[in-house]
Amino acid sequence: MEYILMAAAGDGFLSKTWNVFVKYQSLFLGAIQSTLLVAFIGTIVGLLIGLVIGGLRAITSHQDHNQKMGAKLLYKLIYGITGIYVGIFRGTPMMVQAMFLYYTFFAPIFHWSPITSAMVIISVNTGAYMAEIMRSGIQSVDNGQLEGARSIGMTSFQTMLYIVLPQAIKNSFPSIGNEFVVNIKDSCVLNCIQFSELFFVAKSVQGSIFSYAEPFLIVGILYLILTLVTSSILGLIEKRINHQKSSYPASISAPQSGVLKG
Amino acid sequence: MARENIIEIHHLQKHFGDLEVLKNIEFHVDKGEVITIIGSSGSGKSTLLRCINLLEMPDGGEILYHGNDILKHGIDINAHRTHVGMVFQNFNLFHNKNVLDNCMIGQIKVLKRSKQEAKEKALYYLEKVGMQDFAHAGSTQLSGGQKQRVAIARALCMDPEVLLFDEPTSALDPEMVGGILDVMKQLAQEGLTMIVVTHEMAFAKDVSNRVIFMDQGVIAEEGTPQEIFEHPKQERTKEFLHRFRSAGQ
């Protein structure tokens, strides 16, 4: 109670917070790096996992009545297995996933460091979300695009790679970017496996100065700066992606009917 | 000149669930022929067209392309599709590519042509359809008529032996229709083999060698434009044309 009053009084608390930040700045700055690194790697690897899993789920989600029995079964199997992955990793807290995987497999068997384990966990977790984002992104691409590609002889793999996925990624870019922002914040639960990101550092600082307010105000502000900057960068990229190319020849009118040289 | 048979279709059948869309279709296409398929919607004409390049898989019968049944196992469907081009009602240009890339990607990825060769060919056909000045425009920025011109160029770039048109002018503003039909007329005069599903009776009359009237999944009547439009034999052909004429007035 006293503390809140002091904080409200301003001067003393803010300068004390600043002093804490200056004293432990190398810890905080290092934590910013590891937080950003893990969030970024997690988003990129998660996107790759999502492209594969989401692509598989989009392809296998409906069975063609022309398909043979074996193909139908394979489709159902793939859809089922990928569904289990997505269900488990979206349906349980990342903190629980981290504790279980790290202390059961990563540390004792693979001897992975906390940061390696953190990257793997956040990637696999993000992958499950990305899979659903990509699945709906792929399914939102107009069927005419597929028919256009098939009609000039492209294989279904080429169609997916050159026509469908670029459009699916563009359409779901806001959701993909959002995952990055979420990862910056949610990586804080990985402090439970001794991964030294922002929250972990705040806890250590709190342990040495016996005070909660300053370190957590500091990391709160740092998180806010990271997410705001990231969001605005993503916003700029999004604008660029949607920007129409300006090579439209404005001075030339539409071709008249009957214009045909040859 | 001896007739060269490109496509021959026997006993073709297709159903969607319980609905029989194509019933025992017999049909053939000679080189250089321009065939128009007319009929009311739901008569199976688009489905027949889509079966020819296997965008729809028939349930029975055979489709012979130069004597080879393309429904047999081991036939490369994608190779077949490069020989049989398709122009769609809704254009289906690739939204993520500009006009030039729309015309190049199939040549590069499917026909394995060099970039240079693909570009030259793309520009040649874009000029042919009057779209060379739009080569670097985004495909979503164009008007419907412009999109359809590009779609025709994209199909031509693959050097198809037969070009299928699935109601190519039905999604266009009325003032754009004439331009597209002129492009198609020119292609017909140059000797391209074409099968056109259309509601443009004037085009069917003036340009095609043969008109096929489909009704309820069967070819009800076929003949020269004169036979079909001036002296239809079947009652349902007369009815259809009569309905069409009165609707057009």
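Chain naming here is simple, since letters A, B, ... match the order of the sequence lines and numbering starts at 1 in each. Bear in mind the structure is a predicted one, so any value in this text is a computation, not a measurement.
- Both the backbone and the side chain of F94(B) come within less than 4.5 Å of a heavy atom in chain A.
- In this structure, S151(A) OG and R154(B) CZ are separated by 5.5 Å, a value rounded to the nearest 0.5 Å.
- Counting heavy-atom pairs under 4.5 Å between each of L93(B), V87(B), N90(B) and chain A puts L93(B) at the top.
- With a 4.5 angstrom heavy-atom cutoff, N53(B) touches chain A only via side-chain atoms.
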Inset, instruction - Please assess E147(A) against M86(B) for the test side-chain contact (heavy atoms from CB on, under 4.5 Å), listing each intermediate value before the final yes or no. - result: CA-CA 9 Å; E147(A) 292 201 337; M86(B) 179 107 171; over 6 Å; no
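- R150(A) pairs with exactly one of I77(B), N92(B), L55(B) by the side-chain contact (heavy atoms from CB on, under 4.5 Å) rule, that one being L55(B).
- Applying the 6.0 Å contact sphere to NZ of K23(B) captures more than 12 heavy atoms from other residues, nucleotides or ligands.
- Contact tally against chain A (heavy-atom pairs below 4.5 Å) for M158(B), H95(B), H83(B): the top residue is H95(B).
- In this structure, the portion of V84(B) lying under 4.5 Å from any heavy atom of chain A is its backbone and not its side chain.
- For Q158(A), the part lying near chain B is the side chain, with the backbone staying farther off; criterion is any non-hydrogen pair under 4.5 Å.
- Taken from CZ in R81(B) to CD1 in I152(A), the straight-line distance is 11.0 Å, to the nearest 0.5 Å.
- The number of heavy-atom neighbours closer than 6.0 Å to CZ of F40(A), taken from other residues, nucleotides and ligands shown, is 12 or below.
- Using a 4.5 Å heavy-atom cut-off against chain B, the contacting residues of residues 159-175 of chain A are Y162(A), I163(A), P166(A), Q167(A).
- No part of L164(B) comes within reach of chain A, as not one of its non-hydrogen atoms sits under 4.5 angstrom from that chain.
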